[in-house]
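What follows is a set of notes on a single structure, which appears directly below.
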Amino acid sequence: MRLLLALDPSEDPTALVDAAITWSRRLGATLDVAFADTVPFGLSVADDPVLYAEFEAQWARVQQKHADTASAAFQRVPDAHRGTLHHLGGPPDDALVERSAGYDALLLATHGRHGLRRLWEGSVSERVVRHAKCPVVTLQLDDPSGPGAGRVMLAVDLEQDTEPATLESAATWARALGTRVDIAFVDPFQNAHILVGPTPPESWLKHLETRRMEELEALVARLPDDVRGELLYRAGNAGAAVSPLTELAESRDVALLVVCTHGRSGLAHLVLGSVAERVVRSATTPVLVLRR
């Protein structure tokens, strides 16, 4: 396996690198590290030669500090797992998306729920998750961790077909982690308070639950025997700020929570939103994001 760790050298990367090392050891993977420099302010000083010279000098010092931080972090990776250190040019999101091609996963830190940094739209992490050319494993920057002690938990949406490739990816990660795949579904229709208008009849809800359980059991049966786990059915509001999926994952200390995203952008993404992105925002467990 080949893993790529995205590093922000402007912040202390120690905990993140140590978590990435845990992942590489658990998966028997080679770990590459990538970081990018971005000019922190505009070049409006360019008309003044003195100010521009000072700007260049300060920026050179910042770049050197970033390079030194990234190099020190990279050297923490044990020889058996250390790959290549990549110094990327251009905007970090675009550069990481391009560099992600050919890897089994990109390890990416997110700021999650805390303070103003919980703002997700427009962030580098959000754009990379949406457009990366390989699966993305998101880790909480404030408390990154390796795989949990439990199983791989694959979150499914019965309104969308679960592609064979998604099941294959979940199975591959479960084998690599030495565990099984549980399939989880959060049914929003079983929480009447989220519905607009009269509460549906109990008989209708029961019929819907029975039909969904049959679909889910058929989905579990499609998993290979050696990694087939349990069916986890929960009632709850899948669109909540803190998704029931993340609460379920935390309660089971899952090795990895797997979600799918469409990679939408623009108006379609604004209107439709993304359960996957809400999960990434609120999860404290590692999340593997697969693109449909």
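A quick note: this is a predicted structure, and the numbers were derived from the prediction, not measured.
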**Q.** Residue pair Arg82, Leu31: steps toward the side-chain contact (heavy atoms from CB on, under 4.5 Å) verdict
**A.** CA-CA 5 Å; Arg82 190 185 306 141; Leu31 180 65; over 6 Å; no

**Q.** Test item: Arg291 and Val136 side chains (from C-beta on) under 4.5 Å apart, heavy atoms
**A.** no

Q. Do Thr110 and Leu141 come within less than 4.5 Å of each other through their side chains, counting heavy atoms only?
A. no

Q) So, does Asp104 use its side chain to make a donor-acceptor pair with the main chain of Arg2 at under 3.5 Å? A) yes

Q.
Is any side-chain heavy atom of Leu4 closer than 4.5 Å to one of Leu107?
A. no

Q: Kindly indicate whether the side chain of Val17, heavy atoms from C-beta on, has any atom under 4.5 Å from the side chain of Phe74.
A: no

**Q.** Heavy-atom donor-acceptor pair, Asp32 side chain to Thr84 backbone, under 3.5 Å
**A.** yes

**Q.** Shortest non-hydrogen contact between Leu223 and Arg228, atoms and distance
**A.** O-NH2, 2.7 Å

Q. Do side-chain atoms of Asp253 reach the backbone of Ala149 as a donor and acceptor pair under 3.5 angstrom?
A. yes

Q | Aromatic ring pairing His86/Tyr103, orientation class (parallel under 30°, perpendicular over 60°, tilted between) | A | perpendicular

Q: Taking all non-hydrogen atoms of both residues into account, name the closest pair between Ala255 and Gly150 and its distance.
A: CB-O, 3.2 Å

Q.
If we ignore hydrogens and angles and just use 3.5 Å, is the side chain of Thr172 paired with the main-chain N or O of Glu168 as donor and acceptor?
A. yes

Q: Please say whether more than 12 non-hydrogen atoms of neighbouring residues, nucleotides or ligands are located less than 6.0 Å from CZ in Arg211.
A: no

**Q.** Heavy-atom side-chain contact between Cys260 and Thr166 under 4.5 Å
**A.** yes

(Q) Could you go through Phe35 and His87, starting from their C-alpha distance and side-chain angles, then the distance that decides it, and tell me whether this counts as ring-ring contact (aromatic ring centres under 6.0 Å, His included)? (A) CA-CA 5 Å; Phe35 73 103; His87 188 168; 4.2 Å; yes

Q | Exercise: identify the closest heavy-atom pair between Leu257 and Ala249 | A | CD2-CB, 4.1 Å

Q. Can you name the nearest heavy-atom pair linking Thr69 to Pro9, along with the distance?
A. CG2-O, 3.8 Å

(Q) Determine whether Arg127 and Leu96 satisfy the following criterion, side-chain contact (heavy atoms from CB on, under 4.5 Å), listing intermediate values before the conclusion. (A) CA-CA 10 Å; Arg127 291 192 295 272; Leu96 283 170; over 6 Å; no

Q) Residues in salt bridge (charged side-chain N to carboxylate O under 4.0 Å, His left out) with Lys133, at least two apart? A) Glu98

Q) With distance as the sole test, does His81 use its side chain to make a donor-acceptor pair with the main-chain N or O of Thr30 at under 3.5 Å? A) no

Q. So, do Val156 and Leu219 sit near enough that their side-chain heavy atoms are less than 4.5 Å apart?
A. yes

Q) How about Asp161: does its CG atom have over 12 heavy atoms from other parts shown lying under 6.0 Å from it? A) no

Q) At what distance, to the nearest 0.5 angstrom, does CG of Asp142 lie from CD of Glu11? A) 8.5 Å

Q | Gap separating the CG atom of Leu231 from the CD atom of Glu217, nearest 0.5 angstrom | A | 6.0 Å

Q.
Donor-acceptor check, side chain of Trp23 to backbone of Ser145, threshold 3.5 angstrom: yes or no?
A. yes

Q. Distance from Arg99 atom CZ to Cys134 atom SG, nearest 0.5 Å?
A. 11.5 Å

**Q.** side chain to side chain contact (heavy atoms under 4.5 Å, CB included) against Pro135, all qualifying residues, sequence neighbours excluded
**A.** Leu288, Leu290

(Q) Is any side-chain heavy atom of Leu5 closer than 4.5 Å to one of Leu7? (A) yes

Q. Under a 4.5 Å cut-off applied to non-hydrogen side-chain atoms, are Arg175 and Pro224 in contact?
A. yes

Q. In Å and rounded to the nearest 0.5 Å, what is the CG to OG1 distance from Leu158 to Thr162?
A. 7.0 Å

Q: Grab the two heavy atoms, one from Ala6 and one from Leu16, that are nearest each other, plus how far apart they are.
A: O-CD2, 3.8 Å

(Q) Could you walk me through whether Val287 and Thr246 satisfy the side-chain contact (heavy atoms from CB on, under 4.5 Å) test, starting with their C-alpha distance in whole Å, then the side-chain angles of each, then the deciding distance to 0.1 Å, before giving a yes or no? (A) CA-CA 9 Å; Val287 179; Thr246 69; over 6 Å; no

(Q) One thing to verify: whether Asp68 and Lys65 come together as a salt bridge, which I'm taking to mean a side-chain N less than 4.0 angstrom from a carboxylate O. (A) no

Q: Run the numbers on Val137 and Leu256 for side-chain contact (heavy atoms from CB on, under 4.5 Å), then give the verdict.
A: CA-CA 9 Å; Val137 176; Leu256 190 63; 4.2 Å; yes

Q | N-O pairing of Arg180 and Asp226 below 4.0 Å | A | no

Q: To the nearest 0.5 Å, tell me how far Leu154 CG sits from Leu167 CG.
A: 6.5 Å

Q) Does Thr22 have any side chain to side chain contact (heavy atoms under 4.5 Å, CB included) partners at least two apart in sequence or in another chain, and if so, which? A) Pro147

Q | Short side-chain to backbone donor-acceptor contact, Arg234 and Leu245, under 3.5 Å | A | no

Q | Exceeds 12 heavy-atom contacts within 6.0 angstrom, atom CZ of Arg26 | A | yes

Q | Over all atoms of both residues, closest heavy-atom pair of Leu177 and Leu27 | A | CD2-CD2, 3.7 Å

Q: Identify whether the distance between the nearest side-chain nitrogen and carboxylate oxygen of Glu230 and Arg151 falls below 4.0 Å.
A: yes

Q: Verify whether one side chain among Thr284 and Gln140 offers a donor that lies under 3.5 Å from an acceptor in the other.
A: no

